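Keep in mind that what you see is a predicted model, and the values were worked out from it rather than measured. Proteins get letters first, then strands, A, B, ... in listed order; numbering begins at 1 in each.
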Amino acid sequence: MRIATWNVNSIRSRIDRVTAWLERNEVDAIALQETKAREDQFPFDRFEALGYEVAHHGLSQWNGVAVASRVGLSDVQVGFDGMPGWGEPAAAEARALGAVCGGVRLWSLYIPNGRALEDPHLTYKLEWLAALERAASGWLADDPAAQIALMGDWNIAPTDADVWSVAYYEGRTHTSPAERAAFAAVVDAGYSDVVRPHTSEPGTFTYWDYTQLRFPKRQGMRIDFALCSPALAERVVGAAIDREERKGKGASDHAPVVVEIAD
DNA sequence: ATGGTGGAATATCCA
């Protein structure tokens, strides 16, 4: 089985590229982030035409997460226990959706950006990650053999190798010790990055800013991850980041990440 | 080996 994650940066503007990519890549289930659509705006028919069922959660033009699967889709869960909200008054955002596809519980996660080191949004980001770690630890405590993939845009570069320039990110979000510690806590809870062992070349990234010619200059970040439970991680036989999909007019600023799982 | 950002409730916010 092949599973994938992709921050599409608007499903409506990206739908032709997404469906073309699905047809080329024989992916069985995919977690999508930043759909930027309400339920009534999501192009369900375009996925159904390719044999995918879709569970989507979107509340406004911001955020939005979905799971599409052609190997079954059940036990859909929107958000997770303890997930913090944002705003005044604080309200849950569309940043987490889980569903069971082909025997694997796939989570599509869009971790808050943080915006700036002194911004309340960074506090929100860290609290959101701490709550995710608590929930995900609980799932493994309940069932140590659980097949779980925490997939999505984590908005964190866990190591210095995951950014094109360490100096550039000094004083910015995505590389701060607090953010890296929050990411490491999820790893320590038992969820391992199954993509890195198969994509360890220096300069391997999943995201390149639209501005400043970041992509042609190969100035990106690795911020999209599939963190897998122990039982699922041991089934992983391959992984890839589809850098080609970042090319051309109408590309998302993120590349799709694909994981191959043995049956 | 791409194209001087791009998406959305668009003239402003979000990434």
Side-chain angles (χ1 to χ4, degrees), chain A residues 5-21 31-43 46 56-66 84-88 90-96 108-126 128-129 151-157 162-165 168-176 179 182-183 201-225 241-257:
Chain A
T5 184
W6 192 5
N7 178 322
V8 294
N9 186 15
S10 170
I11 192 60
R12 283 173 288 165
S13 68
R14 214 71 64 208
I15 185 60
D16 289 345
R17 279 188 83 129
V18 169
T19 51
W21 186 86
L32 304 170
Q33 299 86 39
E34 275 209 274
T35 57
K36 292 184 170 178
R38 297 185 309 268
E39 290 312 289
D40 60 293
Q41 297 174 311
F42 191 93
R46 299 292 302 276
H56 173 249
H57 178 50
L59 299 170
S60 67
Q61 76 273 43
W62 308 126
N63 313 308
V65 282
W86 173 250
E88 192 57 51
E93 296 186 299
R95 293 183 178 276
S108 181
L109 304 170
Y110 180 44
I111 280 71
N113 176 283
R115 298 181 183 167
L117 291 183
E118 302 305 322
D119 196 297
H121 208 258
L122 183 66
T123 307
Y124 170 49
K125 179 180 194 174
L126 296 173
W128 203 98
L129 284 160
M151 309 181 75
D153 175 1
W154 292 72
N155 271 316
I156 296 172
D162 300 325
V163 294
W164 65 273
S165 163
Y168 178 82
Y169 287 100
E170 283 287 327
R172 299 175 193 263
T173 60
H174 292 58
T175 60
S176 71
E179 290 167 275
F183 184 93
E201 273 288 296
T204 300
F205 304 128
T206 65
Y207 161 86
W208 300 260
D209 197 289
Y210 284 126
T211 67
Q212 307 294 128
L213 294 170
R214 293 293 187 218
F215 181 64
K217 291 178 179 172
R218 299 180 175 262
Q219 298 176 338
M221 311 175 83
R222 186 194 291 248
I223 57 175
D224 300 88
F225 295 95
I241 297 164
D242 189 2
R243 187 181 182 281
E244 291 296 306
E245 184 56 34
R246 180 61 179 78
K247 295 178 182 175
K249 191 170 173 61
S252 170
D253 42 2
H254 295 253
V257 179

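- The side chain of A:Arg218 lies closest to B:dA1 when the candidates are B:dA15, B:dT2, B:dA1.
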- Does the pair A:Asp162 and A:Ile223 meet the rule for a side-chain contact (heavy atoms from CB on, under 4.5 Å), with working shown? CA-CA 8 Å; A:Asp162 300 325; A:Ile223 57 175; over 6 Å; no

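- The aromatic rings of A:Trp164 and A:Tyr169 sit perpendicular, their planes meeting at an angle over 60°, well past the 30° parallel limit.
- The separation between A:Lys247 atom NZ and B:dT5 atom C1' is 19 Å, rounded to whole Å.
- Between the P atom of B:dT5 and the NZ atom of A:Lys249 lies a distance of 13 Å, rounded to the nearest Å.
- In this structure a side-chain-to-backbone donor-acceptor pair under 3.5 Å is missing from A:Arg115 to A:His121.
- As rounded to whole Å, 14 Å separates atom P of B:dC14 from atom CG of A:Asn155.
- Whole-Å rounding puts the A:Asp224 CG to B:dA15 P distance at 15 Å.
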- Task: Determine, for nucleotides 6-13 of chain B in 5'-to-3' order, which nucleotides have protein heavy atoms under 4.0 Å from the base (write B), from only the sugar-phosphate (write S), or from neither (write -).
- Result: SBSB---B

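- A gap of 23 Å separates the P atoms of B:dG4 and B:dA9, to the nearest Å.
- Atom C1' of B:dG6 sits at a distance of 16 Å from the matching atom of B:dA11, rounded to the whole Å.
- If you take CH2 of A:Trp86 and C1' of B:dC14, they are 12 Å apart, rounded to a whole angstrom.
- For the pair A:Ile223 CD1 and B:dA15 C1', the computed distance is 10 Å after rounding to whole Å.
- A:Glu179 and A:Ser176 are linked by a side-chain donor-acceptor pair at a separation below 3.5 angstrom, with hydrogens and angles left out of the test.
- When the nearest nucleotides of DNA chain B are assigned to A:Asn7 and A:Leu213 by heavy-atom distance, the more 5′-ward of the two goes with A:Leu213.
- A donor and an acceptor atom, one from each side chain of A:Lys125 and A:Asn113, are nowhere located under 3.5 Å apart.
- The distance from atom CD of A:Glu245 to atom P of B:dA1 is 15 Å, rounded to the nearest whole Å.
- A:Arg222 forms no cation-pi arrangement with A:Phe225, by the criterion of a distance under 6.0 Å to the ring centre and an angle within 45° of the ring axis.
- Nucleic acid contact class of A:Tyr110 (heavy atoms, under 4.0 Å, all strands): sugar-phosphate only.
- Looking at A:Glu39, its side chain does come within 3.5 Å of a backbone N or O of A:Gly58 through a donor-acceptor pair.
- Here B:dC14 presents its C1' atom at 13 Å from CG of A:Asp153, a figure rounded to the nearest Å.
- When the C1' atom is used for both B:dT5 and B:dT10, the distance is 15 Å, rounded to whole Å.
- Heavy-atom distances to DNA chain B give each of A:Thr211 and A:Arg243 a nearest nucleotide, and the one nearer the 5′ end belongs to A:Arg243.
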